[in-house]
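Structure first, commentary second.
Index from 1, following the sequence. These numbers come from a predicted model, not from an experiment.
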Amino acid sequence: MATGTEPPATDPQPRRTGVRTGTRATIAAPHLRTDRWWLAPAATAAGLLAFVVYSTWRALSNADYYAAPYVSPFYSPCLAENCEPMRGGPNWELFGSWWGLSPAILILIFPLGFRLTCYYYRKAYYRGFWASPPACAVAEPHKKYTGETRFPLILQNIHRYFFYAALLVAVVLTYDTVLAFRDEHYAWGHMGLGTLVFLVNIALIWAYTISCHSCRHIVGGKLKHFSRHPVRYRMWQWVGRLNARHMQLAWASLVSVAVADLYVYLVASGAFDDPRFF
């Protein structure tokens, strides 16, 4: 019995745009959604683009990234000799004097690679920038779909390795947060507004990193019997709760790391003095 959804036997002008081929239901409209489905991908694209523009400017500026005791998370650890001297800070001159560009370029590749290959961020920029697809129940405009089976998207599979690098970066940023309990003369036992900014940022960085799908698999993956591994099971449950908020943590940590860098920039450039609590 005909259902009214079968395509006609002869279609003189079959639709061949994107996934709207002749094998789909014979609906003339590209989709039936009447809500503002475009708002979410548009806002996502705008937010990510704003961060890309800001972080690119700050990474290439190579200035105003250290104001004792604060160092911008974009420049930590500093891996070249052309870094500003940071007393007790993460100055690791692994690249020597031959590196003449901004030292931020040497370290940002790791957190950037972690976020670019993150499962949530893939969804975000696939929909926001590539419209693949732009929203649920809205067909994508591309003529064919190969997923992540070809170069360069096949490189998304190295996400788990970027996770290990992101852990090391988070450890360094934790060290920077501890150093933020000093004053501008490197005396311990002080706390400024910047210290609070760093504390919020590192808490969100760790929450986002640990809520990663790769972390969840490392903690509880390949276990056939959770009852035989109670510790790992509890850790898996805890990471799973964070994983349910992975999207929110991704955005919150993205904003916090930009705010932390902006705060250091304002203090280092002399825009205002760091208020002290004690």
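Side-chain contact between L167 and F110: absent, with no pair of heavy atoms (C-beta onward) separated by less than 4.5 Å. Considering only heavy atoms from C-beta on, Y70 stays 4.5 Å or farther from V197 through its side chain. Contact of the P134 side chain with the R127 side chain is not registered, since no non-hydrogen atoms from C-beta on lie closer than 4.5 Å. Counting heavy atoms from C-beta outward, H159 and R122 have side chains that approach closer than 4.5 Å. Side chains of F74 and V257 form a contact here, defined as non-hydrogen atoms less than 4.5 Å apart.
Taking the six-membered ring where the residue is Trp, the centroids of H31 and W37 are separated by under 6.0 Å.
More than 12 heavy-atom neighbours from other residues, nucleotides or ligands sit within 6.0 angstrom of CZ on R33. Summarising the local packing, CE of M191 is surrounded by more than 12 heavy atoms from other residues, nucleotides or ligands at distances under 6.0 Å. Enclosure of atom CH2 in W130 by more than 12 non-hydrogen atoms of other residues, nucleotides or ligands within 6.0 angstrom is indicated.
A salt bridge links R276 with E184: at least one charged nitrogen is closer than 4.0 Å to a carboxylate oxygen.
For the pair R115 and F51, the cation-pi test (distance below 6.0 Å, angle within 45°) is failed.
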Problem set entry | Residues Y265, W57; criterion ring-ring contact (aromatic ring centres under 6.0 Å, His included); working and verdict | CA-CA 12 Å; Y265 166 74; W57 165 62; 5.4 Å; yes

